[in-house]
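See structure below.
The figures here come from the full heavy-atom set of this structure, side chains too, leaving out hydrogens, waters and symmetry mates.
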Amino acid sequence: MTSNLLLAPRREAARSDLLERRLRRYHPRFQGEVRVLAMRHSRIADLAASFPALLFALAVPRPGLDPAPALAHVVDGVGLAEAAVAADVPMWLRKVPPEALTRPIRRLPDGELFRRQIANHFPRSPKLAPIWLQVVADVADLAHEAAAVWIARELVREQRRVNPARLRLISLWSWFSGQPATYGHGLIGKPWTPDMRIGPALAAADNWRMLIALQVNLGRLPISDMWLRTGRVAGYDFLPLDTIVAIAEEADAMRNCLHTYGYNLAHNRSRLWSVRRDGERVATLRVASRYRDPLPNIVELKAAGNAEVPRELWWAARQWLHMHDLSHVNMGWRDWGTAPLDRAAWQSLWRPYWIAKRRIPEWLPMAPSRSALEAL
């Protein structure tokens, strides 16, 4: 019979081999720190099996986190829950594999409801795990817990549709969806709800961003120079779309993309008009220069849904245009990128978010920024 004295070294070697295999599952960049910490005490090493994320958080603490109290709990044999609280690591991270830990663990939600919900959406793929954890952390920080659970689910469902570069826009849109007293909420056509799929959510967020661009490009005052005057020809009324409200209403009613014209209008590259008959909208008209012609031209005239209009309407529009002395119209083009954004609209839009988050992030600065707007 093999003596216990002979079995003990074998058991110890087996435990060492098992621990080494567990440590090798951590990202190569951090294996050294994790291994050094695990070698300090057997109870710390046991975390590699019982709570890999807690071991990682103690070995690679995020800025500002002192791991000493949590380490003392672990060495003293205190329960994992208390050690996790001391390290500010949510207990739901126990299910996260070492492969998911590719950077210091950020502060994450840990409410009871969140714990129950997030557990249903862990990714099965080890390759997806680090992306999933980062996305959940980002959306929890940028938006709120409910949105973090939602993006966790959608990333597992449709990984290819969830682009991390779009998370700021998605997060802002979902946050403002729950803030009905804000300027930003008033621009949302379709608010975020937790039962949405990622495709419709991206489309709704993009539409919101286009309305934001219209607002900050044009400001709240009407366009002062529409180049042409209101007129009536052959029963058709030509009315200016000189305010954000007028443009947005026309875009919705005529099912076109007028709300994308903020940048164009701000640089005086075109003017938009609504054509109506007996008070009903029949077409949308865009006036701009054509090719090298310095005078205003009718460059677009479309019915609802961008359908073609009858010949008689084109003739009426041409007559209306030539009721003006076009030689005296100063279109006042601006070079692209030189028209300033409206500071008041920009700050009114984002101020509630800055206050709620208690910070003004670099990617959403206080001063209006075209690059920041385009990066959303």
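Not a single donor-acceptor pair under 3.5 Å links the side chain of Asp88 to the backbone N or O of Ala86. No donor-acceptor pair under 3.5 Å is formed between the side chain of Arg220 and the backbone N or O of Thr243. With hydrogens and angles ignored, the 3.5 Å screen pairs no side-chain donor or acceptor of Arg286 with any backbone N or O of Leu272. Put simply, the side chain of His324 never gets that close to the backbone of Leu326: no donor and acceptor are under 3.5 Å apart. Formation of a donor-acceptor pair under 3.5 Å by the Asp342 side chain with backbone atoms of Ala345 is found in this model. Although no hydrogens or angles enter the test, the distance criterion places a donor-acceptor pair under 3.5 Å between the side chain of Arg153 and the main chain of Pro194. Here the side chain of Arg359 pairs no donor or acceptor atom with the backbone of Trp354 at under 3.5 angstrom. Of the possible polar contacts, one joining the Asn268 side chain to the Gly332 backbone as a donor-acceptor pair under 3.5 Å is found. Not one N or O on the side chain of Arg276 forms a donor-acceptor pair closer than 3.5 Å with the backbone of Val282. A donor-acceptor pair is defined here as one N or O able to donate and one able to accept, closer than 3.5 Å; such a pair exists between the side chain of Ser174 and the backbone of Ile170.
Between Trp336 and His267, the angle of the ring planes lies from 30° to 60°, which puts this pair in the tilted group.
By the 6.0 Å contact criterion, CZ on Arg318 is open, its count of non-hydrogen atoms from other residues, nucleotides or ligands being 12 or less. Under a cut-off of 6.0 angstrom, the local environment of CZ in Arg103 is sparse, with at most 12 non-hydrogen atoms contributed by other residues, nucleotides or ligands. For NZ of Lys357, the number of neighbouring non-hydrogen atoms (other residues, nucleotides, ligands) closer than 6.0 Å is greater than 12. Other residues, nucleotides and ligands contribute only 12 or fewer heavy atoms inside 6.0 Å of the CZ atom of Arg124.
Taking CG of Leu202 as the reference point, atom CG of Leu169 lies at 8.0 Å (rounded to 0.5 Å). Separating the OG1 atom in Thr260 from the CE atom in Met210 is a distance of 6.5 Å, to the nearest 0.5 Å. In this structure, Leu101 CG and Leu133 CG are separated by 6.5 Å, a value rounded to the nearest 0.5 Å. Separation of atoms CD (Gln117) and CD (Glu112) is listed at 11.0 Å; rounding is to 0.5 Å. Distance check, rounded to the nearest 0.5 Å: OG of Ser171 to CZ of Arg166 gives 11.5 Å. The CG atom of Leu295 lies 8.5 Å from the CE atom of Met331; values are rounded to the nearest 0.5 Å.
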*Check against side chain to side chain contact (heavy atoms under 4.5 Å, CB included), Arg94 and Leu80*: CA-CA 10 Å; Arg94 285 191 73 179; Leu80 284 178; 3.7 Å; yes
*Kindly determine whether Leu211 and Ile188 satisfy side chain to side chain contact (heavy atoms under 4.5 Å, CB included), including the steps that lead there.*
CA-CA 8 Å; Leu211 284 174; Ile188 292 176; over 6 Å; no
*Evaluation steps, side chain to side chain contact (heavy atoms under 4.5 Å, CB included), between Ile212 and Leu376*: CA-CA 11 Å; Ile212 288 171; Leu376 288 179; 5.7 Å; no
*Kindly indicate, with the supporting measurements, whether the criterion salt bridge (charged side-chain N to carboxylate O under 4.0 Å, His left out) is fulfilled by Lys127 and Glu99.*
CA-CA 8 Å; Lys127 292 183 179 179; Glu99 292 84 357; over 6 Å; no
_CA sep, side-chain torsions, deciding dist, call: Arg269, Tyr263, side chain to side chain contact (heavy atoms under 4.5 Å, CB included)_ = CA-CA 9 Å; Arg269 297 306 178 105; Tyr263 187 69; over 6 Å; no
*So Arg161 and Glu154, salt bridge (charged side-chain N to carboxylate O under 4.0 Å, His left out) or not? Walk me through it.*
CA-CA 8 Å; Arg161 299 293 301 274; Glu154 293 305 300; over 6 Å; no
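The side-chain tip of Arg21 does not point at the ring of Tyr26 from less than 6.0 angstrom away and within 45° of straight on. Within the cation-pi definition used here (under 6.0 Å to the ring centroid, within 45° of the axis), Arg116 does not qualify as a partner of Trp92. Taking the centre and axis of the six-membered ring of Trp173, the NZ or CZ atom of Arg209 falls outside the cone set by 45° and 6.0 Å.
Closest non-hydrogen pair, Val75 versus Arg43, comes out as O-NH1, 2.7 Å. When every heavy atom of Ala83 is checked against every heavy atom of Leu54, the shortest pair comes out as CB-CD2, 4.1 Å. Contact detail for Gly219 and Ile244: the closest heavy-atom pair is O-CD1, 2.8 Å. In terms of heavy-atom proximity, Ala266 sits nearest to Arg370 at CB-NH2, 4.4 Å. Thr284 and Glu250 make their closest contact through OG1-OE2, 2.6 Å (heavy atoms, listed as atom of the first residue, atom of the second, distance). Across every non-hydrogen atom of Pro90 and Leu108, the tightest pair is CG-CB, 3.8 Å.
Taken together through direct or relayed side-chain contacts under 4.5 Å among Ile, Leu, Val, Met, Phe, Trp and Tyr, Leu241 and Val245 form parts of separate hydrophobic clusters. Under a hydrophobic-cluster definition in which Ile, Leu, Val, Met, Phe, Trp and Tyr are linked whenever side-chain heavy atoms come within less than 4.5 Å, directly or via other members, Met323 and Val329 are assigned to the same cluster. In the hydrophobic clustering of ILVMFWY residues, with side-chain heavy atoms under 4.5 Å counting as a link, Trp363 and Ile151 come out together. Note on Met91: it does not cluster hydrophobically with Leu113, by side-chain heavy-atom contacts below 4.5 Å among ILVMFWY residues. Taken together through direct or relayed side-chain contacts under 4.5 Å among Ile, Leu, Val, Met, Phe, Trp and Tyr, Leu221 and Trp346 form parts of separate hydrophobic clusters.
Tyr353 and Gln179 share no side-chain donor-acceptor pair at under 3.5 Å. In summary, the side chains of His73 and Asp76 do not present any donor paired with an acceptor at a separation below 3.5 Å, with no hydrogens or angles considered.
Qualifying ring-ring contact (aromatic ring centres under 6.0 Å, His included) partners for Phe122, counting only residues two or more places apart in sequence or in other chains: Trp132.
Checked against a 6.0 Å centroid threshold, the rings of Trp208 and Phe176 count as neighbours.
Considering only heavy atoms from C-beta on, Asp237 stays 4.5 Å or farther from Arg277 through its side chain. Contact of the Arg115 side chain with the Asp110 side chain is registered, since non-hydrogen atoms from C-beta on lie closer than 4.5 Å. Taking 4.5 Å as the limit, every side-chain heavy atom of Arg25 sits out of range of all side-chain heavy atoms of Pro52. In this structure, the side chains of Arg281 and Val275 stay at 4.5 Å or more apart for every pair of heavy atoms. Side-chain atoms of Pro340 and Arg334, non-hydrogen and from C-beta on, do get closer than 4.5 Å to each other. Side-chain atoms of Asn217 and Asn264, non-hydrogen and from C-beta on, never get closer than 4.5 Å to each other. Asp138 is listed as a side-chain neighbour of Arg106, based on a closest heavy-atom distance under 4.5 Å. Contact annotation: the side chain of Val287 never approaches that of Asn297 to less than 4.5 Å [non-hydrogen atoms, C-beta and beyond].
Between Trp273 and the choices Phe238, Trp320, Trp227, the ring-ring contact (aromatic ring centres under 6.0 Å, His included) rule is met once, by Trp320. Here the options are Phe114, Trp192, Trp150, Trp175, the test is ring-ring contact (aromatic ring centres under 6.0 Å, His included), and the partner is His144; only Trp192 passes.
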